[in-house]
Structure formats: structure tokens, C-alpha cells
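Shown next, in C-alpha cells, is the structure this report addresses.
In this chain, numbering begins with 1 at the start of the sequence shown. Ligands are counted one by one from 1 in listed order, and the atoms in each one are counted from 1 as well.
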Amino acid sequence: MTLVAIDLGTTNSLISVFTESGPELIPNALGDVLTPSAVGLSDKGDIIVGQAAKNRLVSHPKKTFARFKRFMGTNRDFKLGRKTYRAEDLSAMVLQSLKSDAEAYLGHEVTRAIISVPAYFNDVQRKATYAAGKIAGLKVERLINEPTAAALAYGLNSEEDENTFIVIDLGGGTFDVSILEIFDGIMEVRSSAGDAFLGGEDFTEAIVREFARQLGGPVFETLSPAALGLLRDLADKAKIELSQKEEVGVKFTHGNEQVELKLSRQTFEEISEPLIKKLRMPVQRAISDADLRAENIDRVILVGGATRMPIVRAHMTRLLKLFPEHKIDPDHVVALGAAVQAGLVDRHEALEDVVMTDVCPFTLGTEVTTEIRPGHYQSGLFQPIIERNTVIPVSRVVRNSTVVKGQTEVILRIYQGEAPRVKDNVLLGEIKIDVPKNMLEHEEIDIRFTYDVSGVLEVLVTTISTDRTERLILEGNPGSLSLDEINKRFKQLEKLKVHPRDKAENLAIISRLERAYENQLGDMRHFINQKLSEFQLILDGQKETDIENARKELSEWLEQIERTDIF
Ligand code: AMP
């Protein structure tokens, strides 16, 4: 059974396979390899995924969701029609759509997958990604860090010499920096750092605020969600245009007026300054965590659509004193590399010799109480056991003792984070250990943490005097779904009516017409409505060739209109 690879992105997702001729991207029903990570509800109550859903973000903002990757593993609810979903469910719908694209392409069922995640994802977010896979009916064989996948796509694993690379990944919503080293045919992630709340969309938001300023007044309160969605759409287009041009203008319908909004590259650079500043810290941290200096880096690899921005490239060149590489499309590189990893997992001959290691991207430890003076205790301190950027799989043990003589139990709390006090870190779980009542001495316990390549943590606690061991089951994690809940959600998703794959192109055209309607006035709106009715008539006629021709014609017509939105 084919093992597929999935790049489940904040903005776009891709699915790929490893074939005899190397990694290959699989197109969706619209023929695109990029499927927007957007989910919505059609007017008939079907679930729609991808481009059509993305188009409807503007025209049906209450019935459409995007950018939910940021909320993986949280209790945040997304209401779609009468049902409420979590980010895992919405991600599962994207995964299911990709799964059916792969099935149509490969001609057989797909049940096994590798999914890429930001290196910065914590334990809860990784578990949520596993859960999303299961809800979509996929067995997630393992998770791969996105920068590691990118390095594989660049074939860095087959470099002959000893080399050090930095992978800079600025996607829609996340920023990841990783340092990789190749040595004796072994590729090792030396360190990784990042910011889970920084991405290309923050640059788009900066433009939205600039456009709002140009529109004058408090537009955020006065604009309808649909109009605001449209403004965001235009801001994103303007940002992309600015990667090629010095100045860009957009036409926005504000009330009953078409307003021209303008943005120069210089203004864009000024308003992006705070974001550009935020890019620096993770780069510096990754370098210092790897015990390196910028001069030790041999190559810079760019990943993620937002690294196309000239200001980002210029900033990285200045910071690293090296020109970044972008030979492979930054939107495809993770999915291509994940497919190489799929080939590796399936022990494809061509990749037999590659050895790869990974790191734990954050520090894992426990809460401790220490006696600062006789009889005076300080609790709530963090004791790191596995330090961030330790090569995994890893197993570490520490010996602790009870705080007071005669105590009969120890509550051990497991945390993840970089702060010295546990209250500032993330609680992963807790375990109660019974210790024999010992009035003479402190009882000793060994705490063993084992962290594997898929980001799963096992905690074993052994009481030395009794040799009894307890194992931690991290099920009660805040925000994590239990196995029962995952199974329940899998059954619910199976029952949902999903818009048929073979009708996806029609829906995409309709949603594009509706989106164009939003940004037009008067006669043009009338004209678009007429086109919509005509297309509906052709659809009702059910003649495939007529439908296909109409779609092609409408698509060309829409391209012309969409082009006039931006100048
Ligand atoms: P990803 O999550 O890697 O697909 O990244 C998508 C992000 O990259 C979005 O915020 C896009 O607006 C942005 N992006 C894509 N192409 C460009 C471009 N040519 N210039 C600037 N930003 C871009």
C-alpha cells in the first residue's frame, strides 16, 4: 500500500508520493498541486474543501474557515452550520480531500501517510496532528519536521563533504528556522527555533491596516465581515505583486464607491519593520543553540511562500552574509521532501544509505521543590530533563528525592518550555507515585524521559527502595482528544456529506463568480448575476461537454475581471 506524504500547511496543503523517478506532487480535482487549507459549508449543506472554500471566505465568511492550523490541540470551537468542530476536525477534512485526490491519481485506496509539522510544534500540537490523520481515516506512520523535509528535497542528505545548512521557512502562519549538518553521510538537525505566530499573513495584516488608514476612519468596525475579507484578499494580492513590482494599486468597493488604494515597496518595508525584526531572534537562537556562528553556515535554504518577499530575502542575506537558495519552489519543497522521507520509510532502494536524525525542539522536564534554607521550601521550579535541541530518539534519567521525610506520595508534573518557573511553561500531564513511609531518610526516585522520533514522550518513574516503576500516560492533556473521542469524530466525519470531488471545478467557478460580485458595483453586478444563472442552467442540463466549455469561458472572463482589481 502506497505511503503518501502530506504537507498540512496553514495556508495551503499538498500531497505527494515517492515514485521510481523521485518525489512527485499529486494534483487535486482542479488540477492544482496546492489545495488551500480552507473548509466551508455549501448552500446545500455539503462540506467543501480547498479553492472553492477559500473563494467563499469573502462571500460567505460565516460558513468558511481557514488558518485553523494555529489552533491545533486547543479547545477552540469552529461553528459550521449547526455543528461545532475543532481544528483537528477541519484539518481532517483537508486531509480527507487530499486522500481522495491521491486515490483518484494512484487508482487505489490510500490509508498510510507521513505528515509534516513545524519543528516548533509542541507535544499537544503533534498529537492533534496524529488525531486529525486518524479522523480522516489515515494511519499516520510518522511526523516529519518541515525543515527536515526541505533539506531532503534539496538532496542535502547526499552531500559528500561536511556541511552546515540553515533552513528558513516562512509560511502563511509559522516561522521555522533549523540548522542541519551533514557529516559522513549522516544528516543531523542541530537545532531549531521559531515563532508559531509569525507568517506571511501577518504581512498581509500590516497591509490591511495600511489600507484601512488610507480609507480613513475606523473601518474595522464599519466594514462587513465580507468586505473586510475582500480587503484582506486584495492586500494579499498586493503583497504578492510587490515581490515583483515597486508599486501596486488595488480597486476596493467601499460603500457605493470604488476606491483606489496604493502601496509602494518602500511603504510596505516601513510597515513591515516590526515583523522583519521578529525574524531575527529565532535565527540567532538557532545558530547559538547549535554552538555556531553565522560564518559557519555554508548554505541557506528558503521554504514557504512568504520567503519570496524581497525584504525577507534581503534581511536574511544581511543577517547570514550568504545569498539564500530557492531553486525549488518554496511552496513545494516540504511536500517533495516529505515524499523522499516516505520513500525512506518504505525502504526504497535509492535511499537505503541515508541516515537521519532529528531533535526535540523544546525542553521537557518536571516541577521540583527545593529546600532553600533548612525548613524553607520553594516550589514551582522547572527541572529540565531533555534540553531543547537534543538529538532524538533520546532517553535521559535524573534522580530526585522526596522533599520531606515520611511523605508517602509524590505528584510529579511534566512540563514543556523554556521558562525557569513551571507556571510559565506548558503542563503536559502528571503522575502520582506512592513511596514507602520513611521517617529516617528521603526516598529516592529515578525519572526517565524517553522522547522518540515522532515526538511522543514516555515517562517512567522508579522508586529506588522498592524497585517499583510507574509509567505516565499523557491522555489527560489539556486540549488533546482521547482515543474514544477521535474514533467518535472519525465516524461523524464519515457520515458528513462532502461535496462530490467531480463537481469541485463547478463549485470553484461559482464561488469565484460570487467573489467577483463582492468587489463590483452596478451593471457589472447585474452581469455577474446573469452569468451565474446561465451557468446554473447549463449545470442543470447535465451535458458534460457544455459544462466544460462554459467553465472554460467563465474562467477566462473572470481572469480579465480579476486582473482589473489590481494594477
Ligand atoms: P505557505 O504556507 O508556505 O503556502 O505560504 C503562504 C504565504 O506566502 C501566504 O501568506 C502568501 O501570501 C505568501 N506568498 C506566496 N507567494 C508570495 C509572493 N510571491 N510574495 C510574497 N508573499 C507570497
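Within 6.0 Å of NZ in K63 there are more than 12 heavy atoms belonging to other residues, nucleotides or ligands. Around atom NZ of K62, no more than 12 heavy atoms belonging to other residues, nucleotides or ligands sit under 6.0 Å away. Taking a 6.0 Å sphere around NZ of K79, one finds it holds more than 12 heavy atoms contributed by other residues, nucleotides or ligands.
Atom numbering of ligand 1 starts at 1 in the shown order; those under 4.0 Å from a heavy atom of N12 are 4 (O). Those atoms of ligand 1 with a heavy atom of R308 less than 4.0 angstrom away are 15 (C), 16 (N), 17 (C), 18 (C), 19 (N), 20 (N). Contact atoms of ligand 1 toward E201: 10 (O) (distance under 4.0 Å to a heavy atom of the residue). Within ligand 1, counting atoms from 1 as listed, the ones closer than 4.0 Å to a heavy atom of K239 are 9 (C), 10 (O), 11 (C), 12 (O), 13 (C), 22 (N). Within ligand 1, counting atoms from 1 as listed, the ones closer than 4.0 Å to a heavy atom of G304 are 3 (O).
Heavy atoms of D331 found under 4.0 angstrom from ligand 1 belong exclusively to the side chain. Residue-level proximity to ligand 1 for D236 is carried by the side chain, the only part with a heavy atom below 4.0 angstrom.
I114 and A342 make their closest contact through CD1-CA, 3.6 Å (heavy atoms, listed as atom of the first residue, atom of the second, distance). Taking both residues in full, the closest heavy atoms of R126 and V117 are given as NH1-CG2, 3.8 Å, listed atom of the first, atom of the second, then distance. The two residues L180 and A151 have their closest heavy-atom pair at CD2-CB, 3.8 Å.
Considering each of G172, A235, S243, P330, the one bringing a non-hydrogen atom nearest atom 7 (C) of ligand 1 is G172.
Taking only nitrogen or oxygen atoms, main chain and side chain alike, L170 does not reach within less than 3.5 Å of ligand 1.
Contact analysis leaves T204 out of contact with ligand 1, as no non-hydrogen atom separation drops below 4.0 angstrom.
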Hey, can you pull the donor-acceptor pairs under 3.5 Å for the side chains in residues 228-237, sequence neighbours left out?
unit_1	atom_1	unit_2	atom_2	d
R232	NE	E205	OE2	2.6
D233	OD2	R515	NH1	3.1
D236	OD1	T204	OG1	2.9
D236	OD1	K239	NZ	3.3

